[in-house]
Amino acid sequence: MTTSFLGKKSSAAGGWGALKSCGKRLLETGAPLSGARAMLKANQPDGFDCPGCAWGDPEHGSSFEFCENGVKAVAWEATEKRATPDFFARNRVSDLRLLSDYEIERHGRLTHPLRYDAASDRYLPVAWDAAFAEIGALLKGLGNPDRAEFYTSGRASNEAAYLYQLFVRAYGTNNFPDCSNMCHEASGVALRQAIGVGKGTVRLGDFEQADAIFVVGQNPGTNHPRMLGDLRRAALRGARIVVFNPVRERGLERFSDPQDKLEMLHAGSTPIASRYVQPRLGGDMAAFRGMSKAVFAADDAALAAGRASVLDRDFLATHCEGFDAYRASVDATGWDEIEDQSGLSRAEIEEAAAIYLSAERVIATWAMGVTQHLHSVATIREITNFMMLRGHIGRPGAGLCPVRGHSNVQGDRTVGINEKPGDAFLDALEARFGLPMPRQHGHNVLAAIGAMLDGSAQAFIGLGGNFARATPDSALVETALRRLKLTVHIATKPNHSHLMPGEISFILPCLGRTEMDLNSEGQSQLISVEDSMSMVHGSAGINRPASPHLRSETAIIAGIAAATVGSDSIDWLALAENYDLIRDHIEATIPGFDDFNRRLRRPRGFHLRNSAAHREWETPSRKVEFSSGALPKATVHQQALAANNRFALQTFRSHDQYNTTVYGLDDRYRGVYGERQVIFMHPADLEALGAKAGDRADVVGEWHDGVERIARNFRFAPYDIPRGSVAGYYPELNALAPLDSAGEESDTPTSKSILVSFRLLSAA
Ligand SMILES: Nc1nc2c(c(=O)[nH]1)N[C@H]1C(S)=C(S)[C@@H](COP(=O)(O)OP(=O)(O)OC[C@H]3O[C@@H](n4cnc5c(=O)[nH]c(N)nc54)[C@H](O)[C@@H]3O)O[C@H]1N2
Ligand SMILES: Nc1nc2c(c(=O)[nH]1)N[C@H]1C(S)=C(S)[C@@H](COP(=O)(O)OP(=O)(O)OC[C@H]3O[C@@H](n4cnc5c(=O)[nH]c(N)nc54)[C@H](O)[C@@H]3O)O[C@H]1N2
Ligand SMILES: [Mo]
């Protein structure tokens with residue numbers, strides 16, 4: 001049967017399906033018991049921070065929250081499988097390169113530091129000190145520190161990330177390409193412009209008080225499962241949840257809470273969305289503008305009838321700048337334009353606006369469905385404009401909530417992973433360490449790739465992550481990496497980036513979050529992380545390290561730093577022996593970390609103050625800045641609809657993956673089993689193409705540079721998705737994303753709107 005990969009969709013997210021899937025994953029790791037024991041310590045005051053997503057933990061109590069994808073993340077790290085030197089001796093790198101992402105990581109945890117041997121095309125074991133010495137010598141030999149790129153993935157702890165940025169700046173560059181550049185960069189940029197801080201303003205407790213929650217462009221059932229618990233409790237209280245998502249996502253429709261014994265017993269579930277609105281890809285700015293238009297109409301009507309204004313006029317007058325210009329742009333935007341770009345009817349938009357108008361306290365949350373478009377910054381500004389109309393910021397139950405991805409991506413930014421550091425931070429570092437800091441701005445992800453391609457960068461160091469697979473234009477990035485003089489990957493498991501060695505190449509294996517981190521005297525070390533609600537808390541692993549040869553990320557960075565910049569000014573190895581000392585430096589150089597070491601040891605950690613949440617605006621006008629202007633001319637989705645056999649492709653995550661880590665081949669909330677080469681398409685589009693469910697096609701990227709971009713042999717799955725758009729999984733489809741298609745002002749690859757066409761393959 002050609003369609004055997006298509007099966008039943010789960011009737012609700014969570015529930016028994018989630019428990020079953022967890023058991024299966026734990027068994028597959030070969031360590032069901034230590035995995036299960038580890039799970040019980042995830043997100044507990046005396047345990048480790050879950051290496052999954054960045055959703056907040058409850059600020060009080062010690063409730064254990066079951067989370068299927070948290071279990072997968074923990075089991076993935078706590079596996080008994082090992083990628084030993086033996087494994088690397090048996091396999092040439094060029095052979096390993098033929099494996100899928102799924103197959104490579106399944107070989108398990110790295111156990112020894114490895115150095116690439118070009119003659120045999122294999123990775124061979126190397127001593128730690130020899131690795132550090134060679135890396136140090138090569139970095140020093142580059143002549144110019146700006147020739148090296150220092151990537152960070154968002155799992156690194158605050159301590160590791162702080163030491164990393166300190167080392168890189170002591171070495172002399174601000175080249176910090178960061179996973180965040182591909183993720184929530186647009187949120188940081190837009191919120192800094194609008195409210196003066198690049199972070200969300202709500203805390204978890206606000207979800208208990210909101211009357212309406214707008215969930216825009218995210219799929220929490222898969223990517224932030226613990227958020228569903230908070231949404232479910234809100235729904236049960238009667239709060240209205242309005243979802244904006246072009247795709248019908250199971251977890252946003254119904255959720256069965258594994259914490260709820262009765263619901264589990266009766267196989268019941270709770271509806272999550274009270275309104276499920278399906279805009280076109282990239283159509284959210286138009287949708288929010290439409291809602292503002294409806295709010296202004298309601299306000300005009302109220303005033304004409306002699307009733308009170310529906311706007312928060314005090315807030316607008318006292319706290320906001322640019323409101324009149326915004327109102328003028330909304331008035332100038334016609335309903336036709338709004339309906340065409342959003343793909344929504346005026347009536348649908350007005351209904352959503354009515355929910356907003358009936359609520360006293362509103363929260364807006366968003367993720368990659370908003371941030372990975374060309375106009376993401378403008379869209380987040382528009383969401384903010386809309387929320388400000390009734391003053392939904394800086395009061396209980398209301399606010400802005402970009403839901404972060406990696407468990408510590410927000411913390412890494414806070415402690416200085418930033419290619420455009422502010423002067424105040426650099427001044428503080430100079431004062432503390434007595435070293436000059438580089439002032440010239442450095443490279444983000446796309447600039448780093450550009451520098452690697454044109455030869456100006458010659459070294460790549462990766463603190464975690466899978467740079468080659470997470471970035472667009474996969475073929476080009478592979479070429480870029482393999483041209484380098486030096487590549488170094490600090491990692492827990494082997495992945496494709498490691499298989500694209502430069503001239504000299506190292507894989508340095510590190511401890512994961514779940515493992516005990518002991519210093520040379522056997523004392524256990526605590527690390528810290530920050531979640532999406534700006535809560536900073538401690539994390540200490542409980543499992544025995546996967547191999548006695550592993551070192552912590554912090555110790556590895558210290559080793560490289562000592563060999564590169566020497567220990568005259570900073571005693572790197574002493575810092576790696578005692579993370580309290582690193583935290584003292586953080587406290588001295590970054591606002592908000594007073595009394596860091598003591599407060600971190602409080603059971604639930606502490607909250608980093610957010611000025612906007614207190615209605616203090618660190619913007620040039622010292623007010624909230626409204627944005628104004630016209631809607632984008634034409635989104636990729638609109639372009640696709642206007643052409644023949646053209647579609648706007650979004651690349652998203654299956655239920656069985658963590659970014660480029662593929663746990664399994666199922667996506668049960670979407671009814672797909674044992675297959676990842678899938679294209680979700682509206683049934684009418686499928687018919688118009690002359691194809692049917694299960695048929696195969698090559699997906700062809702349509703970009704104006706004449707480069708051929710093809711992802712081969714995908715199968716169609718009919719789906720409830722707007723016409724003219726399709727969806728499929730990242731990273732398999734990254735080959736189609738052009739490097740130079742990036743968000744305005746955010747420089748984020750436009751992974752959620754790629755213009756493609758299809759070449760049907762004749763049935764086998
Ligand atoms: N289990 C698991 N957890 C994860 C991750 C993981 O891979 N697996 N990844 C982590 C990371 S790094 C991140 S950033 C987050 C990602 O979390 P999400 O942002 O939820 O990730 P995606 O799978 O990319 O889902 C994007 C959603 O946006 C919708 N969307 C796409 N385009 C548009 C649009 O134009 N408008 C609207 N309104 N919606 C749109 C899609 O249909 C999809 O539902 O999750 C984190 N948590
Ligand atoms: N087309 C498309 N591309 C995208 C996206 C998309 O939606 N569509 N999403 C983007 C987003 S939101 C993000 S955040 C990026 C993610 O980009 P990355 O953060 O670079 O990728 P990951 O897949 O999370 O990295 C996985 C690897 O991290 C290593 N690792 C895991 N745990 C640890 C640890 O504790 N320490 C260390 N040192 N290493 C560890 C393992 O070796 C594993 O193979 O991808 C982006 N790329
Ligand atoms: Mo992310």
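The model shown is predicted, which means the values in this text are computed figures rather than measured ones. Each ligand, and each atom within it, is numbered from 1 in the order the structure gives.
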Answer yes or no for Lys752: is there a heavy-atom contact with ligand 2 below 4.0 Å? yes
Which ligand 2 atoms, with their elements, are less than 4.0 angstrom from a heavy-atom of Glu105? 43 (C), 44 (O)
Is the shortest side-chain heavy-atom distance between Pro472 and Pro738 below 4.5 Å? no
Run the numbers for me: atoms of ligand 2, each under 4.0 Å from some heavy atom of Asn734, listed by number. 1 (N), 2 (C), 3 (N)
Mind running side chain to side chain donor-acceptor pair (under 3.5 Å) on Asn245 and Asn219 for me, showing each step along the way? CA-CA 9 Å; Asn245 199 313; Asn219 182 22; 5.9 Å; no
Ala470, any N or O under 3.5 Å of ligand 2 N or O: yes
Note: ligand 2 atoms sitting under 4.0 Å from heavy atoms of Gly464 are 37 (C), 38 (N), 39 (N)
I'd like to check which ligand 1 atoms, numbered from 1 as shown, lie under 4.0 Å from a non-hydrogen atom of Glu249. 42 (O), 43 (C), 44 (O)
Under 30°, 30 to 60°, or over 60°: which ring-plane class applies to Tyr658 and His406, parallel, tilted or perpendicular? tilted
Ser342 and Ile349, any side-chain heavy atoms less than 4.5 Å apart: yes
Under 4.0 Å from any heavy atom of Glu553, which atoms of ligand 2 are there? 34 (C), 36 (N), 37 (C), 38 (N)
From atom 6 (C) of ligand 2, work out which of Met368, Arg155, Gln372 has a heavy atom at the shortest distance. Gln372
To check your reading of the model: name the closest protein heavy atom to atom 8 (N) of ligand 1, its residue, and the distance in Å. Gln657 O, 2.7 Å
Name the option, out of Ser376, Gly221, Pro246, that contains the heavy atom nearest to atom 37 (C) of ligand 1. Pro246
Heavy-atom side-chain contact between Arg155 and Ser407 under 4.5 Å: yes
Taking only heavy atoms of Val247, which atoms of ligand 1 are found under 4.0 Å from at least one of them? 42 (O)
Got Gln218 and Glu249 here, is their nearest side-chain heavy-atom distance under 4.5 Å? no
Under 4.0 Å from a heavy atom of Thr651: which atoms of ligand 2 are those, numbered in the order shown and with their elements? 1 (N), 2 (C), 7 (O), 8 (N)
Logged contact type for Cys183 with ligand 2, heavy-atom cut-off 4.0 Å, is both
Looking only at distances, please establish whether an N/O atom of ligand 1 is found under 3.5 Å from an N/O atom of Phe244. yes
Below the 3.5 angstrom mark, is there an N/O of Asn219, backbone or side chain, next to an N/O of ligand 1? yes
May I ask whether Arg653 places a heavy atom under 4.0 Å from ligand 2? yes
Side-chain touch Glu185/Asp747, heavy atoms, less than 4.5 angstrom: no
Does any N/O atom on Gly465 come nearer than 3.5 Å to any N/O atom on ligand 2? yes
If we only count N/O pairs under 3.5 Å, is Gly154 in contact with ligand 2? no
Using a strict cut-off of 4.0 Å, indicate which atoms of ligand 1 neighbour a heavy atom of Gly405. 10 (C), 11 (C), 12 (S), 13 (C), 14 (S), 15 (C), 46 (C)
Can you report which non-hydrogen protein atom sits closest to atom 18 (P) of ligand 1, along with the distance? Asn223 ND2, 3.3 Å
Under 4.0 Å from a heavy atom of Lys493: which atoms of ligand 2 are those, numbered in the order shown and with their elements? 42 (O)
Find all atoms of ligand 2 within a distance of less than 4.0 Å from any non-hydrogen atom belonging to Asn659, and give their numbers and elements. 16 (C), 22 (P), 23 (O), 24 (O)
Out of all atoms in ligand 1, which are within 4.0 Å of some heavy atom of Thr222? Include the element for each. 1 (N), 2 (C), 3 (N)
Could you see which bit of His406 sits under 4.0 Å from ligand 2, with heavy atoms only: side chain, backbone, both or neither? side chain
Derivation of the salt bridge (Lys or Arg N to Asp or Glu O under 4.0 Å) call for Asp656 and Lys72: CA-CA 8 Å; Asp656 264 2; Lys72 289 183 195 162; 2.7 Å; yes
Quick check on contacts: which atoms of ligand 1 are under 4.0 angstrom from a heavy atom of His373? 32 (N), 33 (C), 34 (C), 35 (O)
Can you list the atoms of ligand 1 that are under 4.0 Å from a heavy atom of Ala367? 19 (O)
In this structure, is the centre-to-centre distance between the rings of Phe460 and Phe467 below 6.0 Å? yes
Should the pair Tyr356 and Phe214 be assigned to parallel (<30°), tilted (30 to 60°) or perpendicular (>60°) ring geometry? perpendicular
Where is the nearest protein heavy atom to atom 10 (C) of ligand 1: which residue, which atom, and how far? Tyr658 OH, 3.5 Å
What protein heavy atom lies closest to atom 34 (C) of ligand 1? Include the residue and the distance to one decimal. Gly369 O, 3.1 Å
Test item: Glu478 and Arg97 side chains (from C-beta on) under 4.5 Å apart, heavy atoms: yes
Distance, nearest 0.5 Å, that separates CD of Gln165 from CG of Asp412: 10.5 Å
Can you tell me if Gly282 contacts ligand 1 (heavy atom of the residue under 4.0 Å from the ligand)? yes
Starting from the C-alpha separation in whole Å, work towards a yes-or-no answer on salt bridge (Lys or Arg N to Asp or Glu O under 4.0 Å) for Asp57 and Arg226. CA-CA 9 Å; Asp57 305 326; Arg226 288 180 298 115; 3.1 Å; yes
So is Cys510 close enough to ligand 2, meaning a heavy atom under 4.0 angstrom away? yes
From the list Asn408, Thr514, Val529, side chain to side chain contact (heavy atoms under 4.5 Å, CB included) with Asp49 holds only for Val529
Kindly indicate whether the side chain of Trp366, heavy atoms from C-beta on, has any atom under 4.5 Å from the side chain of Asp284. no
Plane angle bin for Phe150 and Phe167 - parallel if under 30°, tilted between 30 and 60°, otherwise perpendicular: perpendicular
Ligand 2 contact on Trp76 by region, counting heavy-atom pairs under 4.0 Å: side chain
Is there a heavy atom of Tyr151 sitting under 4.0 angstrom from any atom of ligand 2? yes
Hey, which atoms in ligand 2 end up nearer than 4.0 Å to a heavy atom of Asn495? 27 (C), 42 (O), 43 (C), 44 (O)
Measure the shortest side-chain to side-chain distance between Gln657 and Tyr730 over non-hydrogen atoms and say whether it is less than 4.5 angstrom. yes
Please work out whether the ring planes of Tyr669 and His655 are parallel, tilted or perpendicular, with thresholds of 30° and 60°. tilted
Option of least heavy-atom distance to atom 32 (N) of ligand 1 (set: Val277, Asn69, Thr379, Leu281): Leu281
Which of the atoms of ligand 1 are close to His224, meaning less than 4.0 Å from one of its heavy atoms? 15 (C), 17 (O), 45 (O), 46 (C)
Give the atom numbers and elements of ligand 1 that come within less than 4.0 Å of a heavy atom of Cys53. 47 (N)
Whether Phe386 and Phe288 hold their rings parallel, tilted or perpendicular, with breakpoints at 30° and 60°: perpendicular
